[in-house]
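Structure, as structure tokens:
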Amino acid sequence: RVQLVESGGGSVQAGGSLTLSCAGSGYKYSSFSMGWFRQTPGKGREGVAAIDSDGTTSYAESVKGRFTISKDNAKNTLYLQMNSLKPEDTAMYYCAADWVLQASNLLSESEYNNWGQGTQVTVSS
């Protein structure tokens with residue numbers, strides 16, 4: 001069974017940074033596309049950043065230049081480095097994994113069937 005566990009969330013002031021981690025088990029990271037999604041009350045999950053098995057990345061326009069997604073296949077761990085955080089980045093962040101997908105669908109929630117429990121990120125103004 002695929003298991004994903006996020007960590008690294010917390011509360012920071014606008015302009016600060018956080019690094020989220022997602023430790024995986026039950027699958028081989030190198031064969032999966034991985035993504036970070038976020039959710040706020042009343043909304044569905046929004047694709048934030050994703051990376052496929054070849055290392056190709058995709059970012060939401062709202063985070064380009066501020067967030068960086070990376071993975072360590074040997075450690076089966078996914079990361080999201082978040083810089084210059086804004087209050088609108090406040091959300092529950094989830095990591096997701098599934099078999100290699102088309103690059104155009106990397107930020108589509110419906111393409112992923114394996115999810116972590118989420119880690120809260122709160123950014124104050």
Side-chain angles (χ1 to χ4, degrees):
R1 179 181 298 172
V2 175
Q3 289 187 301
L4 302 170
V5 181
E6 301 96 333
S7 62
S11 298
V12 298
Q13 292 187 323
S17 299
L18 283 174
T19 298
L20 305 183
S21 298
C22 175
S25 63
Y27 68 101
K28 187 175 181 180
Y29 255 61
S30 62
S31 298
F32 277 70
S33 292
M34 305 287 297
W36 287 99
F37 293 76
R38 63 189 182 188
Q39 185 172 17
T40 56
K43 293 185 177 181
R45 293 181 185 182
E46 172 192 20
V48 177
I51 184 167
D52 70 11
S53 60
D54 295 322
T56 300
T57 59
S58 183
Y59 295 92
E61 289 295 326
S62 61
V63 307
K64 284 184 178 178
R66 299 189 297 120
F67 292 8
T68 301
I69 187 170
S70 63
K71 62 179 179 179
D72 186 330
N73 289 331
K75 296 181 178 179
N76 274 13
T77 302
L78 179 73
Y79 303 96
L80 183 66
Q81 176 63 51
M82 305 186 293
N83 298 321
S84 302
L85 285 163
K86 304 175 180 179
E88 50 263 47
D89 294 319
T90 295
M92 183 72 75
Y93 283 72
Y94 299 87
C95 66
D98 214 330
W99 295 109
V100 175
L101 307 169
Q102 291 185 346
S104 60
N105 294 328
L106 285 174
L107 293 177
S108 298
E109 178 186 7
S110 62
E111 296 292 339
Y112 296 87
N113 294 308
N114 304 294
W115 298 86
Q117 84 288 352
T119 185
Q120 179 68 38
V121 171
T122 301
V123 184
S124 60
S125 61

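- Taking every heavy atom of both residues into account, Thr68 and Tyr59 meet most closely at CA-OH, 3.4 Å.
- Scanning for salt bridge (Lys or Arg N to Asp or Glu O under 4.0 Å) contacts around Lys64 gives Glu61, with sequence neighbours left out.
- The six-membered or imidazole ring of Trp99 lies near that of Phe32, with a centre-to-centre distance under 6.0 Å.
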Donor-acceptor contacts, no H, no angles, side chain residues 2-18, under 3.5 Å, sequence neighbours left out:
{"residue": "Glu6", "atom": "OE1", "partner": "Gln117", "partner atom": "N", "Å": "2.8"}
{"residue": "Glu6", "atom": "OE1", "partner": "Gly118", "partner atom": "N", "Å": "2.8"}
{"residue": "Glu6", "atom": "OE2", "partner": "Cys95", "partner atom": "N", "Å": "2.7"}
{"residue": "Glu6", "atom": "OE2", "partner": "Gly118", "partner atom": "N", "Å": "3.3"}
{"residue": "Ser17", "atom": "OG", "partner": "Asn83", "partner atom": "OD1", "Å": "2.9"}

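- A donor-acceptor pair is defined here as one N or O able to donate and one able to accept, closer than 3.5 Å; such a pair exists between the side chain of Asn114 and the backbone of Ala97.
- A side-chain donor-acceptor contact under 3.5 Å links Arg66 to the backbone of Ser84.
- In this structure, Arg38 forms no cation-pi arrangement with Tyr94, as its terminal cationic atom is not both closer than 6.0 Å to the ring centre and no more than 45° off the ring axis.
- Formation of a donor-acceptor pair under 3.5 Å by the Asn105 side chain with backbone atoms of Ser108 is not found in this model.
- Considering only residues two or more places apart in sequence or on other chains, Phe37 meets the ring-ring contact (aromatic ring centres under 6.0 Å, His included) condition with Tyr112, Trp115.
- Of all heavy-atom pairs spanning Ala23 and Thr77, the tightest one is CA-OG1, 4.3 Å.
- In terms of heavy-atom proximity, Leu107 sits nearest to Ser58 at CD1-OG, 3.4 Å.
- Between the side chain of Thr90 and the main chain of Val123, a donor-acceptor pair closer than 3.5 Å is present.
- Judged by distance alone, the side chain of Lys71 and the main-chain N or O of Asp52 form a donor-acceptor pair under 3.5 Å.
- Using a 4.5 Å cut-off on side-chain heavy atoms (C-beta onward), Thr19 and Leu80 make no contact.
- With Ser62 contributing its side chain and Ala60 its backbone, the two residues share no donor-acceptor pair below 3.5 Å.
- Not one N or O on the side chain of Asp54 forms a donor-acceptor pair closer than 3.5 Å with the backbone of Thr56.
- One hydrophobic cluster, built from ILVMFWY side chains closer than 4.5 Å, cannot hold both Tyr79 and Trp36; they sit in different ones.
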